[in-house]
Amino acid sequence: MGKLDGKTIIITGGGKGQGAAEVRLATHLGAKVVVTDVLDDEGNQVAEETGNVYRSLDVTSPEQWSDVVNSAVSEFGRIDGLVNNAGIFEHGGILDGSVELFKKIVEVNQIGTFLGMSAVAPSMVSQKSGSIVNISSIAGMRGYGAIAYGASKWAVRGMTKAAAKELGSSNIRVNSIHPGAIETDMLFDLGDANVNRLVSNVPMQRSGTPDEVGTTVMFLLSDEASYISGAEIVVDGGLIA
Ligand SMILES: NC(=O)c1ccc[n+]([C@@H]2O[C@H](COP(=O)([O-])OP(=O)(O)OC[C@H]3O[C@@H](n4cnc5c(N)ncnc54)[C@H](O)[C@@H]3O)[C@@H](O)[C@H]2O)c1
């Protein structure tokens, strides 16, 4: 018996990095996963390897969200969980950023998360259960130089609490996870010098693995977390302690 037995879960950005790790963990725990991404080759490969279905989904598109949710409901009859994992990072502060960059990041990280919650909420409300996990960041817990990324991740944290309040009476739990330095392309793209500097500030003196975030996501998706809603869990080896 897996702790996600019988559950249907949609994971965004499931083609690589943390999303792909979460697809594998959820499958291992008994869930049927709808793997989604804009990277069709990678997403299809993860779905095929784990025996799941793949749907192309750009999280900024309300139409694509509607298609993904409708096909999941008609195929599986219900949606028990959503992991709003897809995200993008780009450098840019007040002096060297631009409004175009700001909008691009907010569109994916913040509006994509809002659209995901809005898309699954009606079926979760009608079945009177559901768990939504929004992937924020430690950049959503404190000031961060890349201002658009930080703003979008603070917004994910705030929207999580708003959604927990709105949807709680329908037995829908909504929580956020705040990863630190996690070993995916998003971290490696910062370059060795930046990664080393970041990791040297981690009390545990190492970066985290996608599975170490993924197991926390699995807990929140499962009935073991049945009274946890509106919470924020930091997974960062003590970095912002
Ligand atoms: N890696 C880290 O150190 C770290 C730290 C804190 C938070 N995060 C957050 O974790 C989440 C997962 O990132 P990751 O570390 O796996 O990085 P990653 O770059 O490996 O994966 C990001 C995924 O999001 C997908 N994606 C990007 N734009 C999309 C869109 N418009 N629609 C659908 N999918 C889209 C990508 O295709 C990719 O599969 C992100 O929300 C990220 O902001 C990462």
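Both counts, for ligands and for their atoms, begin at 1 and track the order of listing. Only heavy atoms go into these numbers, but all of them, side chains included; no hydrogens, no water, no symmetry mates.
A salt bridge between Lys32 and Glu75 is absent, with no side-chain N of the basic residue lying under 4.0 Å from a carboxylate O of the acidic one. Between Glu42 and Lys16 there is no salt bridge, since none of the side-chain N atoms of the basic residue sits less than 4.0 Å from a carboxylate O of the acidic one.
Sparse packing is recorded around CZ of Phe114, with 12 or fewer heavy atoms of other residues, nucleotides or ligands lying under 6.0 Å away. Atom CG of Asp96 has more than 12 neighbouring heavy atoms from other residues, nucleotides or ligands inside a 6.0 Å radius. Other residues, nucleotides and ligands contribute at most 12 non-hydrogen atoms within 6.0 Å of the CD atom of Glu166.
The protein heavy-atom contact nearest to atom 35 (C) of ligand 1 is Ala86 CB, 3.6 Å. Nearest protein neighbour of atom 1 (N) of ligand 1, counting heavy atoms only, is Thr184 OG1, 3.0 Å. From the protein, the heavy atom lying nearest to atom 29 (C) of ligand 1 is Val38 CG2, 3.9 Å. Summary of contacts: the protein heavy atom closest to atom 11 (C) of ligand 1 is Asn85 O, 3.1 Å. Of the protein's non-hydrogen atoms, Ile182 N, 3.0 Å is the one closest to atom 3 (O) of ligand 1. Atom 16 (O) of ligand 1 has its closest protein heavy atom at Gln18 N, 2.8 Å. Nearest to atom 19 (O) of ligand 1 among the protein's heavy atoms is Lys16 NZ, 3.3 Å.
Checked by distance only, ligand 1 and Ser137 stay at 3.5 Å or farther apart across all their nitrogen or oxygen atoms. For a threshold of 3.5 Å applied to N or O pairs, the pair formed by Val59 and ligand 1 contains at least one separation below that value. Taking only nitrogen or oxygen atoms, main chain and side chain alike, Pro179 does not reach within less than 3.5 Å of ligand 1.
The contact set between ligand 1 and Gly17, taken as ligand atoms under 4.0 Å from a residue heavy atom, comprises 16 (O), 20 (O). Applying the 4.0 Å criterion to heavy atoms of Leu39 picks out, from ligand 1, the atoms 37 (O). Atoms of ligand 1 found under 4.0 Å from any heavy atom of Asp37, numbered from 1 in the order shown, are 25 (C), 34 (N), 36 (C), 37 (O), 38 (C), 39 (O).
Between Asp80 and Ser131, every side-chain heavy-atom pair lies at or beyond the 4.5 Å cut-off. At a threshold of 4.5 Å between non-hydrogen side-chain atoms, the residues Glu22 and Val213 count as touching. Under the 4.5 Å side-chain criterion, counting only non-hydrogen atoms from C-beta, His178 is not in contact with Asp236.
Ligand 1 is approached by Gly180 to a heavy-atom distance shorter than 4.0 Å. In this structure, Ser136 counts as a contact residue of ligand 1, since one of its heavy atoms falls inside 4.0 Å of the ligand.
Within the 4.0 Å heavy-atom criterion, the part of Lys153 lying near ligand 1 is the side chain and not the backbone. Using a 4.0 Å cut-off between heavy atoms, Asp58 contacts ligand 1 through both its backbone and its side chain. Using a 4.0 Å cut-off between heavy atoms, Tyr149 contacts ligand 1 through its side chain alone, with no backbone atom that close.
Using a 30° and 60° split on the angle between ring planes, Tyr144 and Tyr149 fall in the tilted class, from 30° to 60°.
Side-chain contact check for Asp40 and Tyr54: at least one donor-acceptor pair (N or O, by modelled atom type) lies under 3.5 Å. A side-chain N or O of Thr160 and one of Asn134 form a donor-acceptor pair less than 3.5 Å apart.
Comparing heavy-atom distances from atom 33 (C) of ligand 1 across Leu57, Val108, Thr36 singles out Leu57 as nearest. Of the candidates Ile88, Val213, Asn84, Ile88 brings a heavy atom nearest to atom 28 (N) of ligand 1. Closest to atom 22 (C) of ligand 1 by heavy atom, among Ala20, Gly19, Gly87, Gly13, is Gly87.
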Starting from the C-alpha separation in whole Å, work towards a yes-or-no answer on side chain to side chain donor-acceptor pair (under 3.5 Å) for Gln18 and Thr184. CA-CA 7 Å; Gln18 294 175 57; Thr184 69; 4.8 Å; no
Worksheet item: Where do Thr60 and Asp58 land on the side chain to side chain donor-acceptor pair (under 3.5 Å) test, with the steps shown first?
Response: CA-CA 5 Å; Thr60 68; Asp58 180 336; 2.8 Å; yes
